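A short worksheet on the structure shown next.
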Amino acid sequence: MENDFQGVLKGQKIAYFSMEIGLRNEIPTYAGGLGVLAGDTIRSASDLKIPLVAVTLVSNKGYFRQSLDVMGNQTEKIEEWTPSSFMTRMQQEVSVKIQDREVKIQAWQYNCKSLTGGCVPIIFLDTNVEGNAWEDRGITDFLYGGDHSYRLKQEIVLGIGGVRMLNALGFKVRKYHMNEGHSSLLALELLKCNNKDATKVKDLCIFTTHTPVEAGHDKFDYRLVEDLIRDKNDEEILRRFGGTDRFDTSLFALNLSDYVNGVTKRHSRVSSELFPGYSIQAITNGVHSYTWTSPFFRKLFDRYLPGWANEPELLVRIGGIPDDEIWQARRNAKKALIDEVNKRTGAGMDYETLTIGFARRMAEYKRATLILSDLERLRKINRRGRIQLIFAGKAHPRDEAGKQLIRDIFRSIETLRNEIKIVFLENYDMELAAKMVSGVDVWLNTPTRPYEASGTSGMKAAHNGVVNFSVLDGWWIEGWIEGVTGWSIGPRLEERLSGEEARLAELDDLYNKLYYIIVPTYYERRDEWFKLINNSIGMIAYYFNSHRMMRRYVTHAYL
Ligand SMILES: *Cc1c(COP(=O)(O)O)cnc(C)c1O
């Protein structure tokens, strides 16, 4: 059966550009939420037969493999992988000009196939091509590696090279969707192919921004731009649409896209303040339901809610599944995680204790150590009802503050040894994420507002009946109903507090809710806990999934 959508597009595709894509654990071309979201986008597009083609860099040496010593010092190892074990090398070759060199680009094609019969091809651009200068062969080696110059070269390859490669491969493109500003140079190429007609290019481009703070947007000195691009006409275009001081990739994308969106309602408002005068819509993120549901719940949903994977709205009917079967699925997922923790660390965690999880990139704003701010209060909570904590996450190799967070967690683990079991698991990746978001009881999220544009790991947790306990930022503002879908941490949105006042309010709330609400509910009011599990699935997962998100992109942006 042909999809109507394919009829409308007459063989054309939506070209989805992303610097990172998290397709599967063995393909290490992602660093965190942005890449995993791109993977979920592709998986849902494939299931729903949305005619999409994705473009990214091959990142031959991955992001990095994290190892930690006994003090929590992170070292990074190269994550070598062999694209040829997963994908096909294409014959076509295109090139881009960098300085005075023609840099040749080839591509690998990976097909993301769905059981529904859908398929999304992913084009991995590779500059490791015979004839290229040695330094150019490495442009597509390291995801988020190197200096500004390296990054700009990557963006030239992704944006300009990506458009050329799609043409060379014979794709007819209806719209270009930029997942973050890294690929915005594609609009430069489109301008050149369309007689510099900005109206025409805007009609072709969609831009999704993910960064709620000024400093997070990629910007390049024009001296660097001039050195790498060396074309007066191109520079003139970049300055006209990308800012006069520095080349701002997000601004460039904003000025050349008819449809622009943030990744949650709150984030689109924050972005509108950051870029006054632009109309910025909201399409709230989601996660791929099947991918992020543990095998134990998949089996249960298959039996009671057949078709749920391609129609996650069906999860709204979770109430029809007997509580004891849901509890058994929860126990099995928890056992799988705790066994893994004990195997890796010898921590001797048990299946009964209330288990709290925190795992994400170790970026400062995510505040991994907030719950460890006052160990005395944590001890008091543990005396009321036992708790155990599981952490994981990589710090970017050049992020010293992020690396310090890991050391701080290790120090607290040491201080609380023999009192509270806490572990930090090495090398957070998609596989470990899937185990953690399904195996803990409570998923903790404590970002500094408004830095968490969306966040998605809490949505994964909800798919597994894991209860969210989170600062009111990003997606949680839309998912949260106090005591019904989980709990908030700290001030309501409308309360205007200074940074330090907010932090203290958050700390108080964090410890108080653990002591007075979460621990007693878990140990003494199991029926209430069942309701929270049910509501996480029936009121969060049914909505915060990438099938709903992609249907939105289709009706609001792609058509
Ligand atoms: C989902 C996921 C993330 C994103 O988590 P946030 O809580 O949104 O920061 C990061 N890394 C991995 C491996 C993931 O699976």
Side-chain angles (χ1 to χ4, degrees), residues 18-44 62-66 79 143-144 179-180 210-212 216 263-264 266-267 284-294 337 356-368 370 390-396 399 402 405 425-440 442-464 466 468-471 473-479 486 489 540-541 544-546 549:
S18 185
M19 182 70 105
E20 49 169 314
I21 299 183
L23 279 174
R24 45 197 270 192
N25 211 54
E26 303 82 5
I27 302 183
T29 57
Y30 64 94
L34 183 74
V36 174
L37 176 82
D40 284 351
T41 295
I42 289 163
R43 283 181 276 277
S44 279
Y63 182 45
F64 69 89
R65 168 166 286 276
Q66 176 194 53
E79 186 89 86
L143 177 62
Y144 303 135
N179 187 42
E180 193 54 297
H210 293 261
T211 315
V263 287
T264 57
R266 165 105 173 125
H267 174 233
T284 300
N285 278 343
V287 298
H288 188 253
S289 296
Y290 187 81
T291 299
W292 297 108
T293 299
S294 73
L337 172 65
I356 301 171
F358 184 106
R360 38 184 63 83
R361 286 183 303 110
M362 287 288 137
E364 216 178 357
Y365 81 86
K366 290 182 185 265
R367 294 193 300 187
L370 194 75
I390 304 174
F391 288 92
K394 296 175 178 177
H396 185 278
D399 180 3
L405 288 175
L425 302 179
E426 242 172 12
N427 202 46
Y428 189 53
D429 58 12
M430 287 175 67
E431 196 174 295
L432 180 56
K435 277 223 167 79
M436 284 188 68
V437 297
S438 59
V440 298
V442 171
W443 194 250
L444 179 69
N445 181 38
T446 51
T448 307
R449 299 195 299 188
Y451 288 66
E452 194 62 279
S454 166
T456 50
S457 61
M459 306 173 187
K460 301 171 189 166
H463 275 78
N464 296 282
V466 170
N468 278 277
F469 183 33
S470 168
V471 165
D473 201 12
W475 80 277
W476 187 232
I477 297 166
E478 293 164 55
I489 299 171
I540 296 179
F544 291 93
N545 57 73
S546 49
M549 175 184 83

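When a ligand or atom number is given, it counts from 1 through the structure's own listing order. Just so it is clear, the values below take in all heavy atoms, side chains as well, and ignore hydrogens, waters and symmetry mates. All residue numbers refer to positions in the sequence shown, counting from 1. In this text the structure is predicted, and so the values were computed from the model without any measurement.
Between K366 and ligand 1, a contact under 3.5 Å exists for at least one N or O pair. For the pair T456 and ligand 1, the shortest N or O to N or O distance falls below 3.5 Å. In terms of polar-atom proximity, D429 is not counted as a contact of ligand 1, lacking any N or O under 3.5 Å from an N or O of the ligand.
Remark: among candidates K460, R360, R361, the nearest residue to atom 2 (C) of ligand 1 is K460, based on non-hydrogen atoms.
For the pair A363 and L405, the tightest heavy-atom approach, listed with the atom from each and the gap, is O-CD1, 3.8 Å.
Of the protein's heavy atoms, Y428 CE2, 3.5 Å lies nearest to atom 11 (N) of ligand 1. With respect to atom 7 (O) of ligand 1, the closest heavy atom belonging to the protein is S457 OG, 2.4 Å. Nearest protein heavy-atom neighbour of atom 10 (C) of ligand 1: G33 N, 3.5 Å.
Heavy-atom contacts of A433 reach the following atoms of ligand 1: 15 (O) (cutoff under 4.0 Å). Remark: ligand 1 atoms within the under-4.0 Å shell around heavy atoms of G455 are 8 (O). For ligand 1, the atoms closer than 4.0 angstrom to any heavy atom of G32 are 10 (C), 11 (N).
Between the side chain of N468 and the backbone N or O of G458, at least one donor-acceptor pair lies under 3.5 Å.
For the residue pair S289 and H463, a side-chain donor N or O sits within less than 3.5 Å of a side-chain acceptor on the partner. Side-chain polar atoms of S546 and S44 form a donor-acceptor pair below 3.5 angstrom.
Around atom OH of Y451, no more than 12 heavy atoms belonging to other residues, nucleotides or ligands sit under 6.0 Å away. Heavy-atom neighbours of E364 CD from other residues, nucleotides or ligands within 6.0 Å: at or below the threshold of 12. Atom OH of Y290 is surrounded by 12 or fewer heavy atoms from other residues, nucleotides or ligands within 6.0 Å.
With a 4.5 Å cut-off on side-chain heavy atoms, W475 and N285 do not count as touching.
Residue-level proximity to ligand 1 for W292 is carried by the side chain, the only part with a heavy atom below 4.0 angstrom. The residue V287 has no part lying near ligand 1, judged by heavy-atom distances below 4.0 Å.
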